[in-house]
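Shown next, in structure tokens, is the structure this report addresses.
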There are 2 protein chains.
Amino acid sequence: MSTSSSQDYSHGYYTEYSRSSHLSPCAACKVRDKFVCSVLEGDELEQLNSIMTEVTYRAGDPIFSEGENAEYIFNVTSGTLKLYKLLPDGRSQITGFISVGDFLGLADSQFYSSSAEAITDVQICRFRRVDLEKLLSDYPKMGNKLLKIARSELAVIQDQLLLLGRKTADERLASFLSTMSRRNEIIGESPDMVQLIMNQNEIGEYLGMTPETVSRTMRRFRDKGIIAKIKHTRNISIIDQAALKSLECSY
Amino acid sequence: MSTSSSQDYSHGYYTEYSRSSHLSPCAACKVRDKFVCSVLEGDELEQLNSIMTEVTYRAGDPIFSEGENAEYIFNVTSGTLKLYKLLPDGRSQITGFISVGDFLGLADSQFYSSSAEAITDVQICRFRRVDLEKLLSDYPKMGNKLLKIARSELAVIQDQLLLLGRKTADERLASFLSTMSRRNEIIGESPDMVQLIMNQNEIGEYLGMTPETVSRTMRRFRDKGIIAKIKHTRNISIIDQAALKSLECSY
DNA sequence: CGTCTGTTTGATAGCGCTCAAAGGGGGTGG
DNA sequence: CCACCCCCTTTGAGCGCTATCAAACAGACG
């Protein structure tokens, strides 16, 4: 979790929105349909807008740390970040990758229960928790939306419990690649070409294995003709989806 | 535990509760302060009451299975049950133990994402999902309560990810016992005497290890003088809380 | 061209799993 | 009250998967 950059970006770049624009940032938001905001309209959006700050982080920047006062809640508008937990001796478990449209800080009440760090450059909408909670009591449908989000997160994370508790290295990586592929499909991109924004160390920290094991497992998959690496990128071509599915050992 | 009426299993393995009491079940509920219902009053409670059915299960009874249509949502009023996921070859991961005051079915939207089975005899309040959701739109504060519950569940389950992904067998069991001890403390019982309602196979399925390893680890803890077994019960006396905490390797 | 970070590969060790069997404890029926 | 059974727990022996340690390799970048 290094940020050896010369500058301190730990509080992100502020991009206070120019009020001169006749279209409010929220109304103009390109990914609004995936957000909490999606249930709001008109002046409700204005309300939301007034408590929102758009912030930018650089790849590698810490966003918050476990145990800190959970002052803010975030919604990611571009880029990807990781949520992780640390043990005192440095072992790290990534609890999730958060990207466009995802909500950040939902699990936390008074204190952040994980640390967050930008993997790529990241743009987020930031809300002060107290402001959002006030808004929540005014617009119940927003609370319902949040509840839905929390629900689906719970379902996802339970699958991860099964993966970490019971699956072998092969099954874990197969599940991971399969999930990435499915996600691509959902957003309308090719399921046969997966772009890994995280490095293999991070994949390992997510799947509960070492980077070496990730590498060896990848190689085994390549040798079996299930996947292929695209040169000079972290992209991976999935050649045999069926083999991946059967290795995945679930669903 | 509660209820004046004697339990009658003659209608099959669960019993619809009679509403003979002149005090509405919800208003009379002894553990209401821990529930969704805690935010409701007076006629709101009546509303809730009208869509609630109290159901009893015997130890070992299945409550629902993964993939089934998620028609109901539950609140446990007595006993303990387990939530678990299965792999095709039979490997099982318990995703949580649900006991008095806990909510069941929150993670699920259309279909149950886990299976649930009673460990002890269990008494639950059952709501039809659609009914509850209608009530939710009428009483937003109930939604907020649910959101809070979901949040804290997310925080708990993230700790479990760290445990399953990164901790050793010793650390897992130490964490588990420590959590059980802490839970006791919270409900006002002695933190030095933990009652394990689940068997060691289930502990293993929860902690991502085999029952043999659970047994061996327990023995190691006993040999080190950290815990002691109480004869003829599944109770465990925690002798050295500090040692447990340091083994736990977190917090 | 050298440095840095991330990946790959090899050699080795050890934790926890698997398989197997013995040892309780509680319940049931004789 | 004892005998028996069943389920759970314990213990042992051996192995395999994955971690660990170490070093070479490969791209990216200045």
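Below, read A as the first sequence line, B as the second, and so on, with proteins coming before strands; counting in each chain starts at 1. Hydrogens, waters and symmetry mates play no part in the numbers below; they use all other heavy atoms, side chains included.
A search for ring pair (Phe, Tyr, Trp, His ring centres under 6.0 Å) contacts involving Tyr72(B) returns nothing, not counting sequence neighbours. When the salt bridge (charged side-chain N to carboxylate O under 4.0 Å, His left out) test is applied to Glu212(B), no partner is found at least two apart in sequence or on another chain. Listed by chain and residue number, nothing satisfies the ring pair (Phe, Tyr, Trp, His ring centres under 6.0 Å) test with Phe127(A) (two or more places apart in sequence, or in another chain). Among residues two or more places apart in sequence or in another chain, the salt bridge (charged side-chain N to carboxylate O under 4.0 Å, His left out) test is passed with Glu71(A) by Arg128(A). The salt bridge (charged side-chain N to carboxylate O under 4.0 Å, His left out) search around Glu153(B) returns none, not counting sequence neighbours. Contacts of Asn235(A) classified as side chain to side chain donor-acceptor pair (under 3.5 Å), with partners at least two apart in sequence or in another chain: none. Partners of Asp240(A) under the salt bridge (charged side-chain N to carboxylate O under 4.0 Å, His left out) rule, at least two apart in sequence or in another chain, do not exist in this structure.
Residue pairs meeting the ring pair (Phe, Tyr, Trp, His ring centres under 6.0 Å) criterion with at least one member in residues 179-227 of chain B, sequence neighbours excluded, are Phe97(B)-Tyr206(B), Phe176(B)-Tyr206(B). Within the structure, every pair that satisfies the side-chain hydrogen bond (donor to acceptor under 3.5 Å, both in side chains) test and touches residues 81-90 of chain B, not counting sequence neighbours, is listed here: Asp159(A)-Lys85(B), Glu66(B)-Lys85(B), Lys82(B)-Glu202(B), Asp89(B)-Arg91(B).
Listed for the Arg166(A) side chain is no donor-acceptor partner under 3.5 Å among the backbone atoms of Gln93(B).
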B/S/- along nucleotides 8-22 of chain D (protein heavy atoms under 4.0 Å) is SSBBBB----SSBBB
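First and last contacts of DNA chain C with chain A, using any nucleotide atom under 4.0 Å from a protein heavy atom and ordered 5' to 3', fall at dG6(C) to dA11(C).
One axis for each end of the helix from dC1(C)-dG30(D) to dG30(C)-dC1(D), each built from five base pairs, and the angle between them comes to 30° at 10° resolution.
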